[in-house]
Amino acid sequence: MIAHDEILTRPPPTMPRTDADPFTKEWIAALPESDASLAKLGPAVWLDRYDSIAIMTHEPVRKILPDWRRFTSTAKPFYDPFTLVPPILVVQDPPEHTVARDALMRFLSPAALAPYRAAFVADAERIVDAALAKGTVDAVTDIAAAFVLKVFPDMLGMPQEGRALILDFGDAAFNTVGPRNAIFEASMARAAPAFEWVDHHTRRDTVTPGSLAAKILGLSDEGIVKEEEAEFLIRATLAAGFDTTVLGIANILGGIVRFPENWPLMRADPALVKNAVNEMLRYDPPARMQGRTALLDMEVEGINFRRGDQLSLLLTAAGRDGARWAEPERFDVRRTGANVGFGGGIHICMGQVLARMESEVILEALVKKVAAIEPAGGGGSICRCG
Ligand code: HEM
């Protein structure tokens with residue numbers, strides 16, 4: 001643990017510093033060039049506006065993510081303990097983290113998820129057929145969001161009505177991982193109905209009997225977690241499991257549209273669909289930044305940290321690190337090698353089996369039915385499927 005007044009607000013004497021702001025809409029729209037301009041300053045750069053050290057290369061990010069004994073998750077930069085976002089898992093260290101994680105993991109293992117696959121496949125086929133009937137589709141709304149908002153709320157037993165609000169909830173939750181800027185304020189303002197909806201539908205008297213949400217609440221009946229913690233666990237899946245996966249599927253399609261040579265390869269060898277998910281996690285990871293706070297004075301990969309330093313680990317920059325990846329700007333489904341898009345160590349994404357299953361199933365349906373995907377203009381996510 002670290003007390004609030006121990007957080008350091010002065011830069012280390014020799015570290016490059018900048019007043020650039022990597023968390024604005026303009027910066028995000030200009031990725032990866034904007035991150036590259038920061039990475040040019042060094043692997044670690046002090047962000048004057050946020051009193052945080054941005055880590056820009058693969059190797060230190062890979063080493064710091066799992067190192068919870070020296071880099072805590074309980075005092076992340078930008079994290080507000082009074083936020084409405086569930087105060088569980090990503091903002092915990094062991095032993096509390098282990099209890100919560102082991103409890104929820106029961107329902108997110110490959111064996112626990114396998115029975116849902118057939119329903120996912122049927123939904124994917126229907127959604128791709130509907131997109132094909134339109135011809136020109138918005139990859140985000142017509143494919144990625146349409147699919148994720150069908151299969152995952154069905155699993156959780158959430159009602160049809162209002163389920164799109166879960167995206168606003170996830171958006172607001174993820175924006176609390178960054179600074180309180182215009183993006184944060186806008187998503188919080190939008191999210192009031194979503195918080196109300198999520199709060200209502202994650203309680204014992206409203207969850208659907210037999211659903212995944214009901215099973216998670218059942219953890220409190222077994223005395224594994226408290227009732228309130230079980231509700232937090234359901235909300236954590238809603239916060240973490242929707243816009244990430246929607247964005248992930250959309251980012252795969254974005255990579256394919258930019259590098260169309262991948263599509264015939266995937267059609268010829270559908271096993272490459274798995275690689276496409278990995279490549280997206282490197283090339284365009286939906287969870288762009290993870291935070292940690294240093295608990296000791298120490299050195300990692302030549303970077304000196306002090307107790308109280310707040311770190312912003314930029315997974316997007318790590319994925320484009322030329323020292324780790326050949327031709328990092330190329331989306332290539334044949335690429336192999338582990339990346340950090342799902343994090344690493346004790347906090348590695350708990351929904352990764354589910355996210356992979358969703359992404360693979362919708363891509364398999366597309367690979368089967370769609371000969372070509374091309375940009376159709378009118379915005380980055382609009383494409384023509386034929
Ligand atoms: C492509 C989709 C996804 C991406 C890119 C993603 C990414 C991540 C990352 C990077 C972390 C690590 C956070 C850290 O180190 O502090 C994480 C944690 C987590 N993810 Fe995901 N995620 C995705 C989908 C999902 C889904 C579908 C779920 C649904 C259950 C989910 C649930 C969680 C939870 C509960 C944690 C916290 C784990 C812990 O702290 O132990 N994620 N995710």
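We count ligands from 1, going down the list as the structure has it; atoms in each ligand are counted the same way. Below, each value reflects all heavy atoms present in this structure, side chains not excepted, and no hydrogens, waters or symmetry copies. For clarity, every value in this text was computed on a predicted model and none was experimentally measured.
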Could you find the nearest protein heavy atom to [atom] and give me its residue, atom name and distance?
| atom | value |
| --- | --- |
| atom 40 (O) of ligand 1 | H347 ND1, 2.7 Å |
| atom 37 (C) of ligand 1 | V90 CG1, 3.6 Å |
| atom 26 (C) of ligand 1 | G241 CA, 3.3 Å |
| atom 11 (C) of ligand 1 | F342 O, 3.9 Å |
| atom 32 (C) of ligand 1 | A240 CB, 3.5 Å |
| atom 24 (C) of ligand 1 | T244 OG1, 3.5 Å |
| atom 36 (C) of ligand 1 | M350 N, 4.1 Å |

Quick one: which ligand 1 atoms are inside 4.0 Å of a heavy atom on [X]?
| X | value |
| --- | --- |
| A355 | 2 (C), 24 (C) |
| L108 | 30 (C) |
| P286 | 5 (C) |
| R292 | 14 (C), 15 (O), 16 (O) |
| Q290 | 10 (C), 13 (C), 14 (C), 16 (O) |
| T245 | 2 (C), 24 (C), 27 (C) |
| G341 | 5 (C), 7 (C), 10 (C) |
| R101 | 38 (C), 39 (C), 41 (O) |

Please determine whether a side-chain nitrogen of the Lys or Arg among [X] and [Y] lies less than 4.0 Å from a carboxylate oxygen of the Asp or Glu.
| X | Y | value |
| --- | --- | --- |
| D332 | R335 | no |
| R204 | D221 | yes |
| E261 | R330 | yes |
| E125 | K369 | yes |
| R163 | D154 | yes |
| D35 | R320 | no |

Heavy-atom nearest option to atom 31 (C) of ligand 1, drawn from G170, G351, A287: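 The residue whose heavy atom sits nearest atom 31 (C) of ligand 1 is G351.
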Closest to atom 21 (Fe) of ligand 1 among G343, C349, P285 (heavy-atom distance):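 Ranked by closest heavy atom to atom 21 (Fe) of ligand 1, first place is C349.
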Does atom CD of E299 have more than 12 heavy-atom neighbours from other groups under 6.0 Å away?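 Check passes, neighbour count above 12.
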Minimum heavy-atom distance P32-E329, with the two atoms named: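 That would be CG-OE1, 3.4 Å.
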Please check if the side chain of S52 supplies one atom and the backbone of Q310 the other of a donor-acceptor pair under 3.5 Å. yes
Taking D284 for the side chain and M280 for the main chain, is one N or O donor matched with an acceptor at less than 3.5 Å?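 No; zero donor-acceptor contacts below 3.5 Å.
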Can you tell me if I346 contacts ligand 1 (heavy atom of the residue under 4.0 Å from the ligand)? yes
Look at ligand 1 and say whether S73 reaches it with a heavy atom at a distance under 4.0 Å.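 No, S73 has no heavy atoms under 4.0 Å from ligand 1.
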Angle between ring planes, F259 versus Y283, binned at 30° and 60°: parallel, tilted or perpendicular? perpendicular
Between Y50 and D21, a side-chain donor and acceptor under 3.5 Å: yes
For H97 and ligand 1, does the shortest N/O to N/O distance drop below 3.5 Å? yes
